[in-house]
Structures are given as C-alpha cells and as structure tokens.
Amino acid sequence: MQIDVMTLFPEICKSITEYSIIKRAINKNILNVKFHQIRNFAKDKHKRVDDTTYGPGKGMILKAEPIYSCFENICKNLKLKPRLIYMTPAGKLLNQEKVIELSSYNNLAILCGHYEGVDERVINKIVDEEISIGDYVLTGGELPGMILIDSICRLLPGVLSSSECFKKESHYSGLLEYPQYTKPNVWRNIKVPDILLSGNHKDIEKWQYKKSLIKTFNIRPDMLKKYLNNQKNFKK
Ligand code: SAH
C-alpha cells in the first residue's frame with residue numbers, strides 16, 4: 001500500500017515512520033509513505049499557504065490552490081487518483097471497521113489541515129472522505145493522519161506475525177480485550193490467574209471471553225449492546 005500525505009509539517013509525521021512496527025512495514029515494502037510539503041505548491045513569492053477567514057471569525061485558513069496543486073502532483077506521479085481523506089474534527093469518527101475497510105486500498109492520500117482548517121472549496125473538489133479521530137480539537141491533522149496510518153499499517157498482511165494478533169484485539173471483535181499477562185507468573189506476590197497456567201486452551205478461551213464481556217460491560221456498555229444485537233441477528 002502507498003499512502004501520500006499532504007502537510008505543512010512533514011517532519012512531525014516522518015518521525016512516526018522511523019520506529020518500530022511502521023518502520024519494519026516500510027523496510028519490508030509492505031507500506032510506502034510519502035510526505036508532500038504543501039508549501040512547495042504555493043505560487044506567490046512569499047510561498048503563502050494560509051490567509052484570514054472570510055466573516056467575523058478569527059484565525060488562519062489553509063488556501064485552496066496550494067492543496068489542489070499538491071494533490072494534482074500526487075495524482076500525476078501515481079497516474080491515478082488515490083482515495084483522499086481529510087483529517088478533521090468535523091469528520092466521521094474513526095473506528096476499527098473503517099480502518100479495516102481502508103486497509104484494503106492500494107493507494108490512499110491524507111490531507112492534514114492546520115490552524116483553523118481548510119478552505120471548504122478544495123475539500124468539496126478533491127476530498128472523498130472526512131475522518132475525525134475523536135471529539136476534541138487538535139492544532140493540526142498531522143497526528144490524526146499518523147494515527148490513521150498506524151492503525152491501517154498493523155492490519156496489512158505480513159506486518160504482524162499473524163492475523164490472530166489483531167483479530168482477538170479490542171474493537172476487532174466488537175468487544176474490549178480480556179486482561180493479558182506475561183512472565184514471571186508471580187510478580188510482587190501477585191499471581192497470574194491459575195486458569196492461564198492450566199494448559200487447557202478451551203477453558204482459557206472461555207475465561208478470556210467471559211473477561212472480555214465483563215470488561216466491555218463495565219467500560220463500554222454501548223459496545224456490548226451493539227455486540228449482543230449483532231450476535232442475535234447472526235443467529236436469526
Ligand atoms: N476550525 C476547525 C478545527 C481546526 S483544527 C473546526 O472547528 O472544525 C486544525 C486542523 O487540525 C484541522 O484542519 C484538522 O486537520 C486537524 N484536527 C484537529 N482535530 C482533529 C480531530 N479530532 N480529528 C482529525 N483531525 C483533527
């Protein structure tokens with residue numbers, strides 16, 4: 001998969017691709033992430049990319065033309081138009097279902113806004129989808145864009161050791177994950193639950209499922225309701 005990112009701050013984003021699992025995915029050629037400096041596509045001599053908002057509001061808005069030219073250049077290089085996602089608090093909330101859907105694309109592009117946002121005209125002209133990472137407002141779309149890439153990256157075949165790694169995780173199944181433990185089996189006098197040392201895989205899976213249900217009930221009753229409804233419909 002290739003992801004082209006349009007931003008005024010490529011350095012913020014780049015560091016995320018230089019460590020751990022994302023770095024490995026890039027080294028294995030499973031993922032390619034390219035950063036495009038929107039400022040390079042500003043046409044005036046001051047390389048201006050933002051301007052004051054029309055109307056009484058305060059703050060700066062990213063201009064339409066540099067973003068449009070930047071995206072045109074991406075399309076020209078790729079010889080196709082990638083699905084373009086604008087990261088914005090006014091978008092649809094990101095969830096694992098959406099991440100799974102996006103992980104099936106060969107090409108994606110991400111527009112990171114900044115300051116007070118982006119001129120609506122360029123959003124309407126080139127953006128396919130607006131995504132928010134949560135009900136709060138950040139200074140820029142760089143971290144949200146990298147969160148989207150990170151969540152997609154770990155689903156790409158060959159990135160994690162097996163698809164089991166993410167299929168049993170929180171949100172994939174519709175439930176929160178059960179508690180996990182590692183060695184040693186006694187730490188500061190606290191023992192790992194006996195069942196995990198029993199070697200009985202069936203019983204362990206039952207225990208994990210029960211713990212998942214309890215945890216989801218306590219922390220995300222909304223998720224549990226949805227999960228149980230889906231189970232009911234599935235059985236019909
Ligand atoms: N005035 C805008 C907020 C601008 S925040 C509004 O009220 O909707 C500046 C930039 O940060 C946005 O253009 C967007 O790219 C990014 N951003 C801020 N919060 C975000 C969130 N929760 N999810 C995704 N992107 C976000």
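Heavy atoms only: backbone and side chains are in, while hydrogens, waters and symmetry mates are out. Ligands are counted one by one from 1 in listed order, and the atoms in each one are counted from 1 as well. Keep in mind it's a predicted model, so treat the numbers as computed, not measured. Positions are given from 1 along the sequence.
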Neighbour count above 12 (heavy atom, 6.0 Å) for R83 CZ: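 Yes.
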Working for salt bridge (charged side-chain N to carboxylate O under 4.0 Å, His left out), residues D44 and K47: CA-CA 5 Å; D44 68 312; K47 295 264 172 214; over 6 Å; no
Side-chain atoms of residues 150-162: list all donor-acceptor pairs with protein atoms under 3.5 Å, sequence neighbours left out, distances to 0.1 Å.
unit_1, atom_1, unit_2, atom_2, d
S151, OG, I147, O, 3.2
S151, OG, L148, O, 2.8
R154, NH1, E169, OE1, 2.7
R154, NH2, E169, OE2, 2.9
S162, OG, E164, N, 2.9

Can you list everything that forms a side chain to side chain contact (heavy atoms under 4.5 Å, CB included) with R24? Sequence neighbours excluded, please.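 If we apply the side chain to side chain contact (heavy atoms under 4.5 Å, CB included) test to R24, skipping adjacent residues, the hits are I21.
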May I have all residue pairs that pass side-chain hydrogen bond (donor to acceptor under 3.5 Å, both in side chains) and include part of residues 87-96, sequence neighbours excluded?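 Found none.
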One thing to verify: whether K98 and E101 come together as a salt bridge, which I'm taking to mean a side-chain N less than 4.0 angstrom from a carboxylate O.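 Looking at E101 and K98, the cut-off is met.
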Report all protein residues having a heavy-atom distance below 4.0 Å to some atom of ligand 1; order the list by chain, then number.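 Residues within 4.0 Å of ligand 1: Y86, M87, T88, P89, G113, H114, Y115, E116, G117, I131, S132, I133, G134, Y136, V137, L138, T139, G140, G141, P144.
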